[in-house]
Q: 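Below you'll find the structure I mean.
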Amino acid sequence: MRKPVKIGRISLALLFILMMALLTGCGQEMMVFDPKGPIAQDQRDLIVISTVLCLIVLVPVLAMTAVIVWRYRDAKGNKAAYKPNWAHSTKLEMIWWGIPIIIILILGGVTVKYTYALEPSKPIQSDQKPIVVQATSLDWKWLFTYPEQGIATVNYLQIPKGVPIKFELTSDAPMNSFWIPQLGGQMYTMSGMAMTLYLQADEAGKYFGTAANFSGEHFNDMKFDVHATSREEFDKWAEGVKKSASPLTQAGYDALAKPGRSGEQFFSAFPDNLFYNIVTKYAVGGSHGAHGAHGATSGGSGNESGGKQGAAVSSNKMEDVTAGEAHGVHGAVHSASGK
């Protein structure tokens, strides 16, 4: 009878080790715990604080469970006290009710503080003016438009370090989720809605970006690189795209929006008010089918002042849309939230 018990214990130990390996992402770096921006850092801190507070209860409970099972096991020679009529202990009641209540109060206070501080649409305090990047999830690719620079990219994102980035998020495909783990928690992209998410990279580097929501056959290909560089390098890159790439026309966008995979692409311009038209595309009286005649302007024209005016008009329209969504679903941080 000893051998089966020993095999069972070994099996449980191996199962525990296997579970721990799976939970650590199969040995890959846990990016959420390596933050490179203020939002991700606060989210990491919230995870750590919450975990520690929970472990204050969890560890003693698990330890006591093992001790009690062993101490009061049915075995010959067991000298544990046998008190079948024991029913109450004021001291123990105060311990196992008081400590959890205190921890819950502390955890509640911490959660409220960080929930307010990490509200996705809350601007990041900075001396630098935020850069607007409009992100649209498609099947199965990401379209990024830069209204102030008048350029667009597919599955490639470049931002200046130390500068807040105001992401305006929507979808022209099934609902998805925009996530750059080292910069901040995920946020949902939904058709007919424009969500706002502020992020910032404090260090230059290459960061992993992805879609964190199942959206069909090739959703796993919806990954993109985020390049954080100096402001000078960012401006030089944007100028290079503006001069060397081809414009994204409305016909080009319509083809891009069709289901399919894509590599990195760069465009020197994009149709005027493209993001606004995508958001309002399926609304009653919206722009569905009515914006096919828009050319590649965006500030996509060669006229710089005209581009800035186009970007300003688009920005004003999006402020109206996002203001209407301000009390809608703000996809939160969830893992930093992971989810």
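Only a predicted model underlies this, so the values are computations on that prediction, with no experimental measurement involved. Numbering of residues begins at 1 and proceeds along the displayed sequence.
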Q: Just say parallel, tilted or perpendicular for the rings of Trp142 and Phe144, cut-offs at 30° and 60°.
A: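 Judged by the thresholds at 30° and 60°, the geometry between Trp142 and Phe144 is parallel.
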
Q: Roughly how far apart are Leu46 CG and Leu118 CG, rounded to 0.5 Å?
A: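 Rounded to the nearest 0.5 Å, the CG-CG separation comes to 7.0 Å.
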
Q: Does any donor atom in the side chain of Thr136 or Asp172 lie under 3.5 Å from an acceptor atom in the other side chain?
A: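 Checked: Thr136/Asp172 side chains show no N/O donor-acceptor pair below 3.5 Å.
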
Q: Go through the structure and list residues passing ring-ring contact (aromatic ring centres under 6.0 Å, His included) with Tyr114, not counting sequence neighbours.
A: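 Here no residue qualifies.
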
Q: Decide side-chain hydrogen bond (donor to acceptor under 3.5 Å, both in side chains) for Glu119 and Ser121; before the verdict, give the C-alpha distance in whole Å, the side-chain angles of both, and the deciding distance to 0.1 Å.
A: CA-CA 6 Å; Glu119 212 294 318; Ser121 62; 2.5 Å; yes

Q: Measure the spacing between CD of Gln158 and CD1 of Ile131 and express it to the nearest 0.5 Å.
A: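 Gln158 CD to Ile131 CD1: 10.5 Å, rounded to 0.5 Å.
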
Q: Side chains of residues 219-227: which donor-acceptor partners sit under 3.5 Å, not counting sequence neighbours?
A:
| unit_1 | atom_1 | unit_2 | atom_2 | d |
| --- | --- | --- | --- | --- |
| Asn220 | OD1 | Lys223 | NZ | 2.9 |
| Lys223 | NZ | Asn220 | O | 2.4 |

Q: How many angstroms lie between OG1 in Thr189 and CZ in Phe178, if you round to the nearest 0.5 Å?
A: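 Going from OG1 on Thr189 over to CZ on Phe178, the span is 9.5 Å.
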
Q: With a cut-off of 3.5 Å and sequence neighbours excluded, list every side-chain donor-acceptor pair involving residues 258-265.
A:
| unit_1 | atom_1 | unit_2 | atom_2 | d |
| --- | --- | --- | --- | --- |
| Ser262 | OG | Gln265 | NE2 | 2.8 |

Q: Mind checking the CG-CD1 spacing from Leu157 to Ile180? Nearest 0.5 Å is all I need.
A: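 Going from the CG atom of Leu157 to the CD1 atom of Ile180 covers 5.5 Å.
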
Q: Could you check whether any side-chain N or O of Ser171 sits under 3.5 Å from a backbone N or O of Ala173, counting only pairs where one atom can act as donor and the other as acceptor?
A: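 At least one qualifying donor-acceptor pair exists.
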
Q: Can you name the residues that form a ring-ring contact (aromatic ring centres under 6.0 Å, His included) with Phe266, not counting sequence neighbours?
A: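 For Phe266, the residues satisfying ring-ring contact (aromatic ring centres under 6.0 Å, His included) (neighbours in sequence not counted) are Tyr156.
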
Q: Under the salt bridge (charged side-chain N to carboxylate O under 4.0 Å, His left out) rule, what pairs show up with a residue in residues 180-190, not counting sequence neighbours?
A: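 Applying salt bridge (charged side-chain N to carboxylate O under 4.0 Å, His left out) to every pair that reaches into residues 180-190, excluding sequence neighbours, yields nothing.
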
Q: Any luck finding a side-chain donor-acceptor pair between Glu93 and Thr90 under 3.5 Å?
A: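 Per modelled atom types, Glu93 and Thr90 side chains form no pair under 3.5 Å.
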
Q: Mind checking who shares a hydrophobic cluster with Leu92, ILVMFWY linked at side-chain heavy-atom distances under 4.5 Å?
A: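 Grouped by the 4.5 Å side-chain rule, Trp86, Trp96, Trp97 form the rest of the cluster around Leu92.
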
Q: Indicate whether the side chain of Asp45 and that of Gln43 have a donor and an acceptor atom separated by less than 3.5 Å.
A: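 Note: Asp45 and Gln43 side chains miss the donor-acceptor criterion.
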
Q: Show your reasoning for whether side chain to side chain contact (heavy atoms under 4.5 Å, CB included) applies to Arg73 and Val69.
A: CA-CA 6 Å; Arg73 70 192 187 283; Val69 169; 5.8 Å; no

Q: Any donor-acceptor pair under 3.5 Å linking the side chain of Trp237 with the backbone of Thr229?
A: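 Answer holds: no.
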
Q: If you round to the nearest 0.5 Å, how far is CG of Leu248 from CD1 of Ile151?
A: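 So the CD1 of Ile151 and the CG of Leu248 are separated by 12.5 Å.
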
Q: Could you give the distance from OG1 (Thr196) to NZ (Lys122), rounded to the nearest 0.5 Å?
A: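 NZ of Lys122 is found 15.0 Å from OG1 of Thr196.
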
